[in-house]
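These numbers come from the heavy atoms of this one structure, side chains and all, not from hydrogens, waters or symmetry mates. The model shown is predicted, which means the values in this text are computed figures rather than measured ones.
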Amino acid sequence: MQPASPVSGDAGPVAEAVPPRGAPQVLVRRRSVPFSPDSPLAPGSRGGGERRSTFREDVSHAAAETYLVTRLAFILLRYLGVGYRWISQLAALIIYAILLMPGFIRVGYYYFFSRQVLRSVIYGDQPRNRLDLYIPRDPKKPSPVVAFVTGGAWIIGNFPQGTISDMVSDASDGISFVCETVGAYGGDPNQIYLMGQSAGAHIAACALLEQAAKESRGEQISWSVTQIKAYFGLSGGYNIENLVDHFHERGLYRSIFLSIMEGKKSLPHFSPETVAKKLSPETIALLPQIVLLHGTDDYSIPFSASETFAGVLKQAGAKAKLLLYEGKTHTDVFLQDPLRGGRDKLVEDVISVIHADDADAREKDALAPIPGRLVSEWQIKLAHRISPF
């Protein structure tokens with residue numbers, strides 16, 4: 001699941017989001033959940049151990065993660081092969097990152113040294129079932145919580161270590177962890193919001209619909225859809241069957257994508273748009289408000305993906321809303337725009353939903369200081385043109 005300042009993540013459950021500027025919030029960012037020195041849930045333990053990890057432990061964990069990611073990268077390269085398209089995309093990505101590096105460094109400094117960021121909290125049994133928590137300055141006053149599932153083409157942080165069913169299961173486990181424990185970190189368990197970006201939006205939507213279906217059938221569940229006040233899907237793809245060819249043309253080759261999605265026959269099951277059409281009225285009634293957000297110049301996932309999904313949800317009787325950002329690309333709305341500073345339309349739209357019933361919070365939002373610029377304008381504009389996304 002990212003905070004008010006721009007922080008990005010990878011494709012998996014609970015991680016990057018954009019909390020409100022005016023009032024403190026708990027943001028949970030899932031990676032493949034964070035810890036406070038005074039919290040009963042310290043890293044390395046799901047339910048106990050009141051201590052900070054030592055420097056040696058941090059280094060050891062970083063080394064283990066580096067080894068794992070490197071090994072997976074070589075496995076992934078065997079799937080991808082090395083061709084002109086991937087080399088050119090990699091070159092564009094390197095230049096893109098260099099252009100935005102001043103902002104990344106400042107965000108990275110905050111991430112690693114702020115006491116409000118609790119990193120690598122374990123939420124599951126798998127080696128990379130970890131998430132980060134962004135806690136409010138005043139944890140004594142319960143704050144709204146955003147559980148954010150990051151993007152990454154279903155590959156970064158996930159494949160080939162796991163396939164789509166593993167990703168959805170991990171996301172669900174992360175959400176369950178948030179619902180169970182966020183009160184200990186200053187979060188309000190009655191104000192939990194689920195958000196995902198790109199592949200993360202798809203994974204979060206799959207987890208939400210799957211949980212609603214289980215709940216309506218009376219199956220045993222670890223968290224309830226009724227605990228989620230709203231779902232925000234940013235730049236997501238919700239009909240995977242219709243996107244296979246598009247992704248292939250963009251460089252996510254058909255054979256790889258179908259491997260991630262566990263074969264062609266599984267595509268309908270992991271297409272939230274298709275699933276929503278078959279849900280019973282009882283299941284639809286359980287769903288929270290669904291807000292889909294998308295840039296109209298998004299070439300990674302066309303905005304029509306959100307447009308069509310919103311229409312299907314409305315037709316099924318769900319509470320759905322579509323917000324489009326004119327001229328914005330796949331990364332503009334959550335990366336370049338926050339690095340630019342100033343008023344952020346995406347942040348304001350998300351906060352307006354979270355604080356819809358809180359007049360005091362809305363007043364504080366209006367008076368909140370405007371975030372400063374992190375990267376110069378010429379660098380942002382050039383990154384916009386070069387971006388491989």
Side-chain angles (χ1 to χ4, degrees), residues 1-5 7 9 12-20 22-50 52 111 114-125 129-150 169-197 200 203-204 207-208 211 215 221-232 288-289 350-351 353-358 361:
M1 322 145 194
Q2 214 146 45
S5 57
V7 180
V14 200
E16 129 206 44
V18 196
Q25 305 252 330
V26 173
L27 178 67
V28 183
R29 151 184 161 144
R30 182 271 185 189
R31 298 193 287 160
S32 171
V33 143
F35 106 101
S36 165
D38 302 317
S39 168
L41 295 167
S45 168
R46 183 175 173 115
E50 299 182 1
R52 273 192 182 276
Y111 174 76
S114 173
R115 294 184 65 83
Q116 289 175 249
V117 181
L118 309 179
R119 300 181 301 277
S120 293
V121 174
I122 296 173
Y123 69 84
D125 299 328
N129 283 167
R130 296 168 181 265
L131 59 81
D132 301 326
L133 289 170
Y134 296 79
I135 61 174
R137 291 186 178 87
D138 181 10
K140 296 178 182 178
K141 180 182 178 182
S143 299
V145 181
V146 176
F148 195 96
V149 185
T150 55
S169 177
D170 283 353
S172 187
D173 287 346
I175 296 167
S176 175
F177 180 91
V178 172
C179 292
E180 290 173 9
T181 66
V182 77
Y185 299 99
D188 186 345
N190 297 314
Q191 292 194 72
I192 298 176
Y193 298 82
L194 176 61
M195 186 171 185
Q197 185 268 335
I203 292 169
L208 185 70
Q211 195 73 1
E215 194 165 343
I221 54 175
S222 59
W223 59 279
S224 171
V225 172
T226 59
Q227 293 176 273
I228 308 299
K229 291 204 68 176
Y231 162 81
F232 300 97
Q289 178 183 8
V350 171
I351 295 175
V353 174
I354 294 174
H355 289 162
D357 301 322
D358 191 335

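Looking at Q211, its side chain never comes within 3.5 Å of a backbone N or O of V225 through a donor-acceptor pair. One N or O on the side chain of T181 and one on the backbone of F177 form a donor-acceptor pair closer than 3.5 Å.
Separating the CH2 atom in W223 from the SG atom in C179 is a distance of 7.0 Å, to the nearest 0.5 Å. Between the OG atom of S222 and the CG atom of D173 there is a distance of 6.5 Å, given to the nearest 0.5 Å. One finds the CG atom of L194 at 6.0 Å from the CG atom of L208 (value rounded to the nearest 0.5 Å). Atom-to-atom distance recorded for Q227:CD and E180:CD is 8.5 Å, nearest 0.5 angstrom. How far OG of S172 is from CD1 of I203: 12.5 Å, rounded to the nearest 0.5 Å. Interatomic distance, Q289 CD to K229 NZ, rounded to the nearest 0.5 Å: 10.0 Å.
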Evaluate side chain to side chain contact (heavy atoms under 4.5 Å, CB included) for V146 paired with I354, printing each intermediate quantity in order. CA-CA 9 Å; V146 176; I354 294 174; 3.8 Å; yes

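For the pair I228 and I175, the minimum side-chain heavy-atom distance is below 4.5 Å. For the pair Y123/V178, no side-chain contact is recorded, criterion being any heavy-atom separation below 4.5 Å from C-beta on. In this structure the side chain of V350 reaches within 4.5 angstrom of the side chain of M195, judged on heavy atoms.
P136 approaches Q116 most closely through the heavy-atom pair C-NE2, 3.9 Å. Contact detail for V353 and A230: the closest heavy-atom pair is CG1-CB, 4.2 Å. Closest non-hydrogen pair, R130 versus S120, comes out as NH1-O, 3.3 Å. When all heavy atoms of A204 and V149 are compared, the pair lying nearest together is CB-CG2, 4.0 Å.
Cation-pi geometry between R119 and Y111 is satisfied (NZ or CZ under 6.0 Å from the ring centre, within 45° of the ring normal).
Taking the side chain to side chain donor-acceptor pair (under 3.5 Å) definition, one finds that E215 meets it with S224, sequence neighbours left out.
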